[in-house]
Number of protein chains: 2
Amino acid sequence: MPGTVQSIERAAAILRMLAGGPGRLGLSEISRSLELAKGTTHGILRTLQGVGFVEQDRVSGQYQLGASLLHLGTSYLDTNELRSRSINWADPLAVRSGEAVRIGTVLDGQVLIVHHVFRPDDTFQTLDVGALLPLHATALGKVLIAYRTGLTTTELAAYTRKTLIKPRELAMALEHVRECGWAADVEELTPGQAAIAAPIRGYGGLVIGAIGVSGPVERICDSRYAPRPRLVTSVRDAARAISREMGAARR
Amino acid sequence: MPGTVQSIERAAAILRMLAGGPGRLGLSEISRSLELAKGTTHGILRTLQGVGFVEQDRVSGQYQLGASLLHLGTSYLDTNELRSRSINWADPLAVRSGEAVRIGTVLDGQVLIVHHVFRPDDTFQTLDVGALLPLHATALGKVLIAYRTGLTTTELAAYTRKTLIKPRELAMALEHVRECGWAADVEELTPGQAAIAAPIRGYGGLVIGAIGVSGPVERICDSRYAPRPRLVTSVRDAARAISREMGAARR
DNA sequence: ATTGATGTTCGACAATGTCGACCACTGCTC
DNA sequence: GAGCAGTGGTCGACATTGTCGAACATCAAT
């Protein structure tokens, strides 16, 4: 691509490879995958190692992501406006709903979680910030693709028996999202789990993110697997409040 | 530096600049700081933007860190062995001590927090994972520099009136750390807060990280500002258990 | 209207990044 | 133990790319 620095693009491709899959890769494997000469790959890895973006295991010789990226990643969160404006609404939503709250945006055709409030109880939970989730199989994702043109989810993988994998079914579901202004996923990503999400709009009304609650399906939905209206209202209220702040910040 | 790719080093320098300071910088300011031509800086920023490591504000034209870094940062955590082996000891330590637990390692002459367990109560807390803390003003940091040669903390900034800023005082404190095998900071980073930390050793006994608890000084220390022996024992026990796992993994 | 800053573009060219050939080492098979 | 196939790594020639100076458009302040 003209006008960009090829070696930086190659370095980024290497980092992405290391972020996916098993997390540790050898020099030869990276070279084969990216169709680069080993000398080229080695020079890039040596440079990434020097700046702390990559570390090499001294026993196996394999490479993995380095500690400097953690600081960059969390620094990104500090300046992320979607997140900073949502935080004040996410905690109360978790308290009011009694469920975990997540805020997501689009990254590389997936949902990137930028904020996560634990369900307010004592259960063991893992933090999802930084995680990438599928667009079509999550409430957050369906909200994001319903209001975004150009997000063609190429392959609809099945995560559970309830995941929408037929393009026509997904299109109808997204039409419904646009009609009523929120989305749900009922055991579409994880068996026994459900979620509700609503769009967060930025300047000019563009959807820039989504906020949602998730938890056991029997708490998120009633006995007929319909999302509980009380939760829908809470999520939509929070989304509207955040959207107002996003819009107001630009005026 | 021979053998490395200069443009990748420059790109990393730009990302570091964006991670420090206000988080948003203009092209001209970046060029001045790094002594690069504006065309050079622009080409690097355009490339970083293309790979998602940087975003440009469409109104002000300023640049900031991009969303892709968040995913890379948290992917680093997934493969970080210090963290993955510490998790199982960190939660029980938080429960037993009733205080927040953090695990840190060295990055760029500072403490990088790689794991953080909230104090088990209802108070509002912010997650420190990814944060950089000063070595000389924290219990974690003192542990790390006590057992690491070559970590010369060049400038000892004062964070509170109790921060050790004289090299001789710090050296004596570090000698004491080596003698008794743990460190404390009593209101040295934050007024009213104290912490206790112990070293985590890897293969061959090398100190690769530290684990510590922190909280209000009246809970961490007795009325004479001495760290409570019960907490010291708990922290050291956890550190030893983790160290065994780190060592055992290599045999 | 002028000035001084900003971000952006473009083409010449010098510097750098690329890569083929080679190396040492390791693990596996026979 | 020898042979083989893989690994990560090095190095120098050279072709490609990254760099940068000059110019431009835009914007805010005076």
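Atom set for the values below is all heavy atoms of this structure, side chains included, hydrogens, waters and symmetry mates excluded. Chain letters run A, B, ... following the sequence lines, proteins first, then strands; residues in each count from 1. Since the structure is predicted, the reported quantities are computational estimates derived from the model, not experimental observations.
Counting non-hydrogen atoms under 4.0 angstrom, Ser7(B) reaches the backbone sugars and phosphates but no base. Using a 4.0 Å heavy-atom criterion, one finds that Glu29(B) contacts no nucleic acid atom at all. Among the atoms of the strands shown, only primed sugar atoms or phosphate atoms (P, OP1, OP2) are found under 4.0 Å from some heavy atom of Gly26(B).
Rounding to the nearest 0.5 Å places CG of Leu45(A) at 9.0 Å from CD1 of Ile8(B). Taken from CG in Leu174(A) to CZ in Arg148(A), the straight-line distance is 13.5 Å, to the nearest 0.5 Å. If you take CD1 on Ile208(A) and CD1 on Ile242(A), they are separated by 9.5 Å, rounding to the nearest 0.5 Å.
The side chain of Arg46(B) has dT9(C) as its nearest neighbour among dC20(D), dT9(C), dG20(C). In this structure, the nucleotide among dG8(D), dT8(C), dC19(C) sitting nearest to the side chain of Lys38(B) is dT8(C). The side chain of Ala37(B) has dC20(D) as its nearest neighbour among dG7(C), dC19(C), dC20(D). Comparing dG17(C), dG9(D), dG18(D) by their closest approach to the side chain of Val5(B) singles out dG17(C).
Close to dG6(D), at under 4.0 Å from its OP1 or OP2, lies no side-chain N or O of Arg32(A). Of the side-chain N and O atoms in His42(A), one or more sit less than 4.0 angstrom from OP1 or OP2 of dG9(D).
For the pair Ile44(B) CD1 and dG7(C) P, the computed distance is 15 Å after rounding to whole Å. Rounded to whole angstrom, the span from the OH atom of Tyr63(B) across to the C1' atom of dT8(C) amounts to 8 Å. Following rounding to the nearest Å, Arg58(B) (CZ) and dT8(C) (P) show an atom-to-atom distance of 13 Å. Rounded to whole Å, atom P of dT16(C) lies 5 Å from atom CD of Gln6(B).
Between the side chain of Arg236(A) and the backbone N or O of Ala198(A), no donor-acceptor pair lies under 3.5 Å.
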